[in-house]
There are 2 protein chains.
Amino acid sequence: MAEHAYNPLDSLVFLTNRVGRLLSSDIRKRAGNEVEGLYSTHMGVLVDLWMQDGLRQQDLVSSVIKDKGTIARALENLEKEGIVTRETDEADRRNKRIYLTPKGRNLKTVMLPHALKSMDEALEGMPPEEVAICKKVLQRMYKRLTQKLMHPVPANTTSP
Amino acid sequence: MAEHAYNPLDSLVFLTNRVGRLLSSDIRKRAGNEVEGLYSTHMGVLVDLWMQDGLRQQDLVSSVIKDKGTIARALENLEKEGIVTRETDEADRRNKRIYLTPKGRNLKTVMLPHALKSMDEALEGMPPEEVAICKKVLQRMYKRLTQKLMHPVPANTTSP
DNA sequence: AGGAAGTAGTTGCGTTTGCAACGAAGAACG
DNA sequence: CGTTCTTCGTTGCAAACGCAACTACTTCCT
């Protein structure tokens with residue numbers, strides 16, 4: 001009985017996915033032609049670089065949660081557009097370091113107002129303390145899920 | 001000054017997007033070959049239909065937040081796989097109604113345990129009342145953003 | 001030191017995606 | 001009624017995506 005009791009609307013899986021996409025698409029609409037040609041993968045890469053410049057390409061793969069090839073080609077395009085540069089890491093020549101150009105850094109100042117406006121409207125009238133708790137929960141989930149991605153299920157650490 | 005003060009990690013835009021994608025990809029890994037060939041768009045469609053069967057194709061377009069064409073082709077594939085059926089709505093022959101087949105309904109019972117397990121691990125040790133508040137905030141955002149999508153900025157309702 | 005194993009990034013291929021142009025069905029106006 | 005306007009779904013096309021095979025470089029092991 002009650003086999004259909006589960007409602008996606010009560011699920012953080014559903015909610016985070018939909019709200020995330022709705023916010024992104026709303027911001028994208030606001031930005032309009034300022035972000036012409038910048039796909040979601042590009043935006044994901046940029047956000048990471050805004051937090052920390054000079055990341056390795058591999059860092060972006062795991063952070064943005066897209067395929068190696070997808071990131072490689074996204075970076076290729078971003079480089080063509082003059083938004084990032086790629087430099088071989090001389091300390092370990094397998095790695096490439098990704099750096100923002102001035103144009104790439106400037107995109108942050110372009111996007112930020114739109115993002116803030118979008119958030120403001122979506123959160124209008126909600127108690128700030130509840131919003132803060134929501135963020136805290138999501139931050140913890142983010143941290144945990146990311147760690148799991150890095151160290152997926154230690155199989156048997158008991159063997160000699 | 002402090003022009004770089006803004007940190008994406010403090011932003012619900014970033015958090016919802018990343019957590020949503022991390023959860024989805026984690027669930028997908030758990031489900032493994034049970035969902036072979038089911039892309040994220042397919043899953044999005046299914047989740048909506050699990051909530052309410054017989055939706056119009058257009059409802060799915062706005063709810064899943066993908067292009068008309070993308071949804072059309074996703075449904076084409078799902079129909080080929082015997083997961084949904086499409087029927088012209090005789091009341092308004094422009095619309096098509098989408099119905100789950102038994103196989104489509106059964107997929108819910110296949111996916112649900114994986115989703116619950118994934119959530120459980122991601123939320124482990126967090127105070128339930130904080131998780132509840134997080135959900136509440138996200139639900140309100142979802143509702144508001146969805147409404148905005150349906151009624152985008154009433155331009156000038158004052159004219160005769 | 002030298003070969004095996006592992007890691008980072010690139011490339012080819014088939015599928016999916018978003019955009020725009022299109023066709024069919026209904027609604028709104030005279 | 002008939003014309004125009006709007007809405008819903010389909011299709012062509014170029015770009016992006018995920019997967020898997022491949023190359024370049026490093027580390028580990030004997």
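Residue numbers begin at 1 in each chain, while the letters A, B, ... track the order of the sequences.
Rounded to a whole Å, the CG atom of Asp89(B) is 12 Å from the C1' atom of dG26(C). Remark: P of dC19(C) and CG of Leu38(A) are 13 Å apart, rounded to the nearest angstrom. If you take CD1 of Ile71(A) and P of dC19(D), they are 13 Å apart, rounded to a whole angstrom. Regarding Asp92(A), its CG atom lies at a distance of 17 Å from the P atom of dG6(C), rounded to whole Å. The distance between atom CG of Leu60(B) and atom C1' of dC8(D), rounded to the nearest whole Å, is 13 Å. Taking atom NZ on Lys66(A) and atom C1' on dA15(D), their separation rounds to 13 Å, with Å as the unit. Rounded to an integer number of Å, the gap from Leu78(A) CG to dA15(D) C1' is 14 Å.
Between the side chain of Thr16(A) and the backbone N or O of Leu12(A) there is at least one donor-acceptor pair closer than 3.5 Å. Side chain of Thr70(B) to main chain of Lys66(B): no donor-acceptor pair is present (N/O by atom type, distance under 3.5 Å, no hydrogens or angles). Formation of a donor-acceptor pair under 3.5 Å by the Asn17(B) side chain with backbone atoms of Val13(B) is found in this model.
Inspection of the Glu81(A) and His42(A) side chains reveals no N or O donor paired with an N or O acceptor under 3.5 Å. Judged purely by distance below 3.5 Å, without hydrogens or angles, the side chains of Arg18(B) and Ser63(A) pair a donor atom with an acceptor atom.
In Glu129(A), the CD atom is crowded: over 12 heavy atoms of neighbouring residues, nucleotides or ligands sit closer than 6.0 Å.
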Could you run through nucleotides 9-16 of chain C and give me one letter per nucleotide, 5' to 3': B if any protein heavy atom sits under 4.0 Å from the base, S if only the sugar-phosphate is that close, - if neither?
BBBBB--S
